[in-house]
Amino acid sequence: MISVKNLHKYFGKLEVLKGVNLEVKEKEVVVVIGPSGSGKSTFLRCLNKLEEPNDGEIVIDGIPLSSDTNVNAIRREVGMVFQRFNLFPHMTALENIALSPQIVRKLKKDEAVAVGLELLRKVGLSEKAYEYPERLSGGQQQRVAIARALAMKPKIMLFDEPTSALDPEMVGEVLAVMKDLAQEGMTMVVVSHEMGFAKEVGDRVIFMDEGVIMEAGTPEALFNRPQNLRTKAFLSKIL
Amino acid sequence: MVIDWSVAIRSLPILLKGAVITLELTAGAVAMGVVIGMFMALARLSKRWPLRAFATAYIDFLRGTPLLVQIFLVYFAAPQLFHFQPPDKYPYIAGILAMGLNSGAYIAEIFRAGIQSIDRGQSEAARSLGMTQAQALRYIILPQAIKRVIPPLGNEFIAMLKDSSLVAVIAMEELFYSGKLIVGNTLQSFPIYGTVALIYLAMTMTISRILGVVERRLGKSDIR
């Protein structure tokens, strides 16, 4: 589903990704962990071209992500959820979800609204359809953001630290929605330090540091028997 | 010379007629400025360097030279350059044109700042949903930016209203020029220029009050 070979990314002279290789199979859930500045967010953002890689090869669902690819075609297949939700503040929850199906997928308004209401029901926010984001808690906003991404019917979902900006009591509701999604067979790449989620839902955990993948394995193996010294050091800090 | 206030009162209809022309000039100029400003702001933020260079040159020139000189350029120099006989209404046209070109440069900077003040995450979210850059701008960025540019746009309107007195130099019969004509006939400079000043003040105060109300309304809808 996702194939990444020798991915390099520079910000000016700073090399943030130093040759990342990763294969993600259909329906697989990959959790990416690592210290801040390790390049994990940049890596994720390269997967839907919010960042332009300097070198390497990315193939998404059979489409190579070269500089002349129709980026919007890729982005329609790849949903993204951000740390800070990034809901559109001038639109209600429902409008947030129903906008891009209309203008990108060319759905009729009532079809898009039906999709939106169905997704709101799925994330447990039916009664908030006509509220503006300011009136929603962080957890609710993030669930709307997930619904918004799902409205485009993506084949892959990327999550960039989806719970790090949330108050602790709201983390659970967002993770629950993500867990449902994984169980329905969504292909997911999740940058997150939620170990419980990684163990329960993740098929594979990847430890990134200094712009490369240092270690990869099943959650059980990586958390309980890390081989790499850096992985051990990192895990000892966060567990 | 004895100060004669009755001249001011008798001249009031003429002065008010001038004030209407002043408002017309200003509204015309700002309307033109909004169109030019939107284009220049987008050009300045464009990825294509020729567009960026053009907009930057335009904005630098019009903000870096006096409006008075620009008015002369449009009124006297343009007919010479383009070989045309100025039509009867040319002071009016040239007045709006010069002021519109000028305010376009200032409004471009207002729009640019407004667009750039919208959090980057907004356009990233829009793009990640498959929207094109144009769609992101139209549905996500501009609706949010408009709210933020209304107060500075109002200030630009007030500044333009005052600067419109400069077109008196091309015999455009707006408020200040009308006053000047009356002073020429009556020599009552203090009552007339005093009244002219008060009429300008009344107009600017009214506009800034209206702006205050609009701003409060916008502020409220931000919290919702």
Side-chain angles (χ1 to χ4, degrees), chain A residues 41 44-45 47-52 70-92 95-106 130-136 141-142 144-154 156-160 165, chain B residues 34 38 41-42 45-52 110-154 211 213-224:
Chain A
S41 281
L44 202 68
R45 291 160 62 86
L47 294 181
N48 73 348
K49 273 225 164 172
L50 284 179
E51 302 290 351
E52 184 86 26
N70 181 354
V71 184
N72 300 319
I74 294 283
R75 289 190 180 136
R76 263 173 267 168
E77 310 303 327
V78 183
M80 178 130 184
V81 174
F82 300 87
Q83 184 177 358
R84 309 214 59 92
F85 333 133
N86 296 345
L87 289 183
F88 307 133
H90 58 301
M91 297 179 187
T92 63
E95 287 167 347
N96 262 277
I97 300 169
L99 175 68
S100 53
Q102 287 174 70
I103 63 175
V104 180
R105 290 250 189 239
K106 308 292 179 203
Y130 302 100
E131 296 284 2
Y132 285 88
E134 290 99 325
R135 296 278 300 272
L136 302 177
Q141 287 193 48
Q142 192 62 298
V144 173
I146 293 172
R148 179 175 69 176
L150 291 175
M152 293 301 289
K153 306 222 182 307
I156 299 165
M157 284 284 283
L158 309 175
F159 292 84
D160 189 4
Chain B
V34 164
M38 182 49 88
L42 294 179
L45 296 170
S46 164
K47 275 186 218 147
R48 302 199 179 96
W49 74 262
L51 274 177
R52 258 196 340 261
I110 291 173
F111 282 160
R112 184 181 60 83
I115 291 170
Q116 285 181 327
S117 76
I118 305 300
D119 184 61
R120 248 183 73 131
Q122 291 288 307
S123 79
E124 286 183 351
R127 303 300 312 272
S128 79
L129 290 164
M131 288 184 216
T132 63
Q133 205 150 18
Q135 286 172 331
L137 199 63
R138 173 168 161 209
Y139 292 101
I140 308 303
I141 308 300
L142 289 183
Q144 296 182 61
I146 293 293
K147 272 189 183 180
R148 298 194 190 175
V149 302
I150 283 175
L153 262 188
L211 266 179
V213 173
V214 173
E215 261 177 72
R216 267 198 301 282
R217 286 253 177 90
L218 288 178
K220 256 187 213 142
S221 71
D222 255 355
I223 307 158
R224 269 195 251 260

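Heavy-atom basis, side chains included; hydrogens, waters and symmetry copies ignored. Quantities reported herein were computed from a predicted structural model and do not represent experimental measurements.
- For the pair B/Q122 and A/F88, the tightest heavy-atom approach, listed with the atom from each and the gap, is OE1-CD2, 3.2 Å.
- For A/I103, the parts lying near chain B are the backbone and the side chain together; criterion is any non-hydrogen pair under 4.5 Å.
- By the 4.5 Å heavy-atom criterion applied to side chains, B/E124 and A/R45 are counted as neighbours.
- Between B/D119 and A/R84, the closest side-chain pair of non-hydrogen atoms is not below 4.5 Å.
- Rounding to the nearest 0.5 Å places OH of B/Y139 at 13.0 Å from CD of A/E95.
- A/S100 is not listed as a side-chain neighbour of B/Q135, based on a closest heavy-atom distance of 4.5 Å or more.
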Handout entry: Test log, rule side chain to side chain contact (heavy atoms under 4.5 Å, CB included), inputs B/I140 and A/M91
Key = CA-CA 9 Å; B/I140 308 303; A/M91 297 179 187; 3.8 Å; yes
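- Smallest separation of non-hydrogen atoms from A/M152 and B/L129: CE-O, 3.3 Å.
- For B/R52, the CZ atom is densely surrounded, since the number of other residues' heavy atoms within 6.0 Å is greater than 12.
- Distance check, rounded to the nearest 0.5 Å: OG of B/S128 to CD1 of A/I74 gives 13.5 Å.
- Using a 4.5 Å cut-off between heavy atoms, A/V81 makes no contact with chain B at all.
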